[in-house]
Amino acid sequence: MVSTYNQSSALESWQQNLAPYNLGYRIKLLSQLLGRRFTDRLEPFGLTPFHWLVLCCLWQEDGLPTSCIGDKLKQVGGTLTGVLDRMEERGLVRRERDTHDRRIWRIWLTDAGRELETVLPPIAAAVRDEAMSGIPFAEREVFSQILNKAIANLS
């Protein structure tokens with residue numbers, strides 16, 4: 001016969017694996033809350049968080065091939081293609097065939113896309129700071145490192 005203490009202990013240890021207490025659920029919830037807040041802040045610009053991610057890639061290195069942007073963002077081509085279509089329609093990026101390999105499309109920022117580099121990062125920082133309010137910088141750094149390790153472990 002299993003003792004009540006052992007059953008209770010087992011149940012308590014499983015509690016942390018059940019929603020809404022488990023890590024995956026809480027990370028998803030944090031992602032959704034951050035996404036909603038950032039979406040609200042990007043709405044006046046007609047942008048989405050995915051547009052932000054593409055812009056970040058291009059601000060770091062303009063003229064990336066579409067496949068490279070997809071790899072960096074861990075996205076499938078169809079999703080990225082639609083986002084790039086909308087960004088091109090808005091005049092934020094332009095597509096050009098690679099001069100050495102015509103199968104490759106390179107994505108370049110337009111002046112309008114470049115101008116957002118001075119506007120959007122402070123908005124993203126404000127959302128991050130709001131989420132991290134009351135958390136010391138050192139703990140933020142540890143949290144970031146832990147997330148990076150967990151992502152690497154599962155990649």
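Scanning both residues, Leu47 and Leu120, for their nearest heavy atoms gives CD1-CD1, 3.6 Å. Residue Arg106 comes nearest to Pro65 through the heavy atom pair NH1-CD, 3.3 Å, listed as atom of the first residue, atom of the second, then distance. Arg114 and Asp62 get closest at one heavy-atom pair: NH2-OD2, 3.5 Å. Minimum heavy-atom separation, Ala124 to Phe38: CA-CE1, 3.7 Å. Considering every non-hydrogen atom in both Gly113 and Trp59, the closest pair reads O-NE1, 3.1 Å. Closest heavy-atom contact between Arg41 and Ala126: NH1-CB, 4.0 Å.
Within the 4.5 Å cutoff, the side chain of Leu64 has heavy atoms near those of the Lys72 side chain. Contact of the Val54 side chain with the Leu80 side chain is registered, since non-hydrogen atoms from C-beta on lie closer than 4.5 Å. In this structure, the side chains of Leu109 and Leu55 come closer than 4.5 Å at one or more pairs of heavy atoms. Counting only heavy atoms from C-beta outward, the side chains of Leu92 and Leu58 never approach each other to under 4.5 Å. Inter-residue side-chain proximity for Val119 and Phe45 is flagged as met; some heavy-atom pair is nearer than 4.5 Å. Looking at Ser67 and Ile104, their side chains never come closer than 4.5 Å, going by heavy atoms from C-beta outward. The side-chain heavy atoms of Leu53 and Val83, taken from C-beta on, include no pair separated by under 4.5 Å.
Annotation: the span from Cys56 atom SG to Ile69 atom CD1 amounts to 11.5 Å, rounded to 0.5 Å. In this structure, the separation between CZ on Arg128 and CG on Leu34 is 11.0 Å, given to the nearest 0.5 Å. Considering OG1 of Thr110 and CZ of Arg90, their distance stands at 10.0 Å, rounded to 0.5 Å.
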Test side-chain contact (heavy atoms from CB on, under 4.5 Å) on Phe50 and Thr79; report intermediate values, then the result. CA-CA 10 Å; Phe50 202 163; Thr79 303; 3.4 Å; yes

Walk me through whether Met132 and Phe143 qualify under side-chain contact (heavy atoms from CB on, under 4.5 Å). CA-CA 10 Å; Met132 295 293 155; Phe143 180 62; 3.8 Å; yes

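With hydrogens and angles disregarded, no donor-acceptor distance shorter than 3.5 Å links the side chain of Arg37 to the backbone of Ala131. A donor-acceptor pair is defined here as one N or O able to donate and one able to accept, closer than 3.5 Å; no such pair exists between the side chain of Ser144 and the backbone of Arg140. The closest donor-acceptor contact from the side chain of Ser133 to the backbone of Glu130 lies at 3.5 Å or more, if one exists at all.
Both Ile135 and Leu23 are members of a single hydrophobic cluster when ILVMFWY side chains are connected at heavy-atom separations under 4.5 Å. By the rule that hydrophobic residues join a cluster once side-chain heavy atoms approach within less than 4.5 Å of another member, Ile27 and Val127 end up as members of one cluster.
Partners of Arg94 under the salt bridge (charged side-chain N to carboxylate O under 4.0 Å, His left out) rule, at least two apart in sequence or in another chain, are Glu96. Residues that satisfy the side-chain contact (heavy atoms from CB on, under 4.5 Å) test with Trp105, not counting sequence neighbours, are Thr66, Arg95, Arg97.
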